[in-house]
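Following: one structure in C-alpha cells, then a few remarks.
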Amino acid sequence: YRFTAGDESPMETVYLLRNGEYTTMPHTGLLVGDILICDSSTPLIPADGLIIETDHIQVEESIISGTPVRVCKSTDKDPFVFAKSRVLSGKAKILVTAVGTRTRWFRLKNKLALRNGEEKSNPAIEKLAANRILIAKTVGAAAIFVVIILSITEMLNGKWSFFFCT
C-alpha cells in the first residue's frame with residue numbers, strides 16, 4: 001500500500017532501509033515492510049510501525065491519545081508507534097506496518113469527522129434522498145396498478161372470488 005493524493009501530510013524526507021540498502025526519499029514513497037530510521041530530527045513519524053531496534057526512544061502520541069505525555073518505547077514494552085507521533089529523544093528502527101489512509105491516525109480522523117457530521121457525500125445517495133417521496137409514490141402506484149390488473153384478469157376469466165367468502 002502506498003500514500004495517496006488525499007494524504008494531508010507535509011512533505012518530508014525520511015531515512016530508511018529497503019531491500020538491504022539505506023536510502024532517503026519523500027515520506028510518500030514509504031511502503032509497508034520498509035524499515036524506517038527515526039530520531040529526534042524526525043519531525044513526525046510518517047507511518048504506523050513496530051519498533052524492531054531502539055536506543056531509548058521517547059515519543060509524544062498526543063495526536064492519538066489526546067495527552068501530551070512522553071512515552072518510552074522499547075522492543076518488548078509498548079513497541080508500536082503511530083503516524084503523526086513526535087520523536088522527542090533517542091532513535092529507533094521501525095518496521096512500517098501502515099501508511100497513508102491505512103494508519104491509525106487517518107482512521108481516527110475519519111471517525112471524528114463522521115461524528116461531527118462531516119461525512120463525505122455520495123451523489124447517488126443524495127439524489128435518492130431528494131426523490132424518496134416521488135420514488136415511494138411511484139412504487140405504491142405500480143403495486144396498486146398490478147393488483148387492479150390481476151383482479152380484472154381474474155374477473156374476466158370467471159375465477160373471481162373474494163378470499164374471505166368461500
Side-chain angles (χ1 to χ4, degrees), residues 1-139 142:
Y1 186 78
R2 289 182 172 266
F3 279 86
T4 62
D7 180 41
E8 301 166 0
S9 302
M11 193 64 140
E12 65 181 63
T13 301
V14 293
Y15 185 56
L16 62 103
L17 176 64
R18 180 183 285 170
N19 298 327
E21 295 182 18
Y22 288 94
T23 186
T24 58
M25 67 174 50
H27 79 282
T28 54
L30 273 175
L31 299 173
V32 171
D34 285 341
I35 308 286
L36 181 64
I37 315 298
C38 288
D39 59 20
S40 56
S41 69
T42 308
L44 294 174
I45 297 174
D48 289 355
L50 176 68
I51 296 175
I52 57 173
E53 187 179 309
T54 184
D55 181 22
H56 309 291
I57 193 166
Q58 293 184 354
V59 298
E60 184 244 321
E61 299 175 331
S62 63
I63 196 78
I64 299 292
S65 67
T67 56
V69 177
R70 282 181 180 257
V71 179
C72 298
K73 301 283 188 169
S74 68
T75 56
D76 55 344
K77 181 184 174 228
D78 197 11
F80 297 99
V81 292
F82 305 105
K84 306 295 184 185
S85 297
R86 294 188 180 283
V87 178
L88 301 174
S89 65
K91 65 181 188 176
K93 288 184 179 179
I94 301 167
L95 174 64
V96 175
T97 58
V99 297
T101 59
R102 306 282 186 189
T103 61
R104 188 174 210 176
W105 173 84
F106 193 89
R107 291 187 315 236
L108 181 61
K109 181 184 87 152
N110 282 345
K111 282 182 186 177
L112 291 174
L114 291 176
R115 285 186 187 158
N116 293 331
E118 299 172 14
E119 185 174 356
K120 293 180 181 175
S121 62
N122 181 335
I125 302 277
E126 286 179 5
K127 285 182 182 178
L128 282 176
N131 295 319
R132 69 183 182 276
I133 293 178
L134 177 64
I135 293 169
K137 286 180 180 179
T138 304
V139 169

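Small disclaimer: the values here were computed from a predicted structure and weren't measured. Quick note: residue numbers are just sequence positions, from 1.
At least one side-chain heavy atom of V14 sits under 4.5 Å from a side-chain heavy atom of M25. Looking only at side-chain heavy atoms (C-beta outward), V96 and L31 stay at 4.5 Å or farther from each other.
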Side chain to side chain contact (heavy atoms under 4.5 Å, CB included) for V59 and R86? Distances and angles first, verdict last. CA-CA 5 Å; V59 298; R86 294 188 180 283; over 6 Å; no

Could you walk me through whether C72 and K77 pass the side chain to side chain contact (heavy atoms under 4.5 Å, CB included) check? CA-CA 9 Å; C72 298; K77 181 184 174 228; 5.9 Å; no

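Taking OH of Y22 as the reference point, atom OH of Y15 lies at 6.0 Å (rounded to 0.5 Å). For the atom pair CD1 (I37) and OG1 (T23), the distance works out to 11.5 Å, reported to the nearest 0.5 Å. Of the inter-residue distances, the one linking L88 atom CG with D39 atom CG reads 12.0 Å to the nearest 0.5 angstrom. Within the model, atoms CD of E53 and NZ of K91 stand 8.5 Å from one another, a figure rounded to the nearest 0.5 Å. Separating the CD1 atom in I94 from the CD1 atom in I45 is a distance of 4.5 Å, to the nearest 0.5 Å. If you take CG on D76 and CD1 on I51, they are separated by 10.5 Å, rounding to the nearest 0.5 Å.
Listed by first then second residue, pairs satisfying side-chain hydrogen bond (donor to acceptor under 3.5 Å, both in side chains) with a partner in residues 128-138 number zero, not counting sequence neighbours.
Using a 4.0 Å cut-off between a side-chain N of Lys or Arg and a carboxylate O of Asp or Glu, D34 and R18 qualify as a salt bridge. Under the 4.0 Å criterion applied to side-chain N and carboxylate O atoms, E61 and R104 are not assigned as salt-bridge partners.
The heavy-atom pair separating A47 from A98 by the smallest distance is CB-O, 3.2 Å. Of all non-hydrogen atoms in L36 and P46, the two that sit nearest each other are CD2-CD, 3.7 Å. Here the closest heavy-atom approach between residue S40 and residue S89 is recorded as CB-CA, 4.3 Å. Residue F82 comes nearest to I64 through the heavy atom pair CB-CG1, 3.9 Å, listed as atom of the first residue, atom of the second, then distance.
Judged by distance alone, with hydrogens and angles left aside, the side-chain atoms of K73 form a donor-acceptor pair with the main-chain N or O of F80 at under 3.5 Å. Under the 3.5 Å distance criterion, the side-chain polar atoms of D48 are matched with a main-chain donor or acceptor of A83. T54 places no side-chain N or O within donor-acceptor distance of the main-chain N or O of K93, the cut-off being under 3.5 Å.
Under a cut-off of 6.0 angstrom, the local environment of CD1 in I133 is sparse, with at most 12 non-hydrogen atoms contributed by other residues, nucleotides or ligands. D55 CG: more than 12 foreign heavy atoms inside a 6.0 Å radius.
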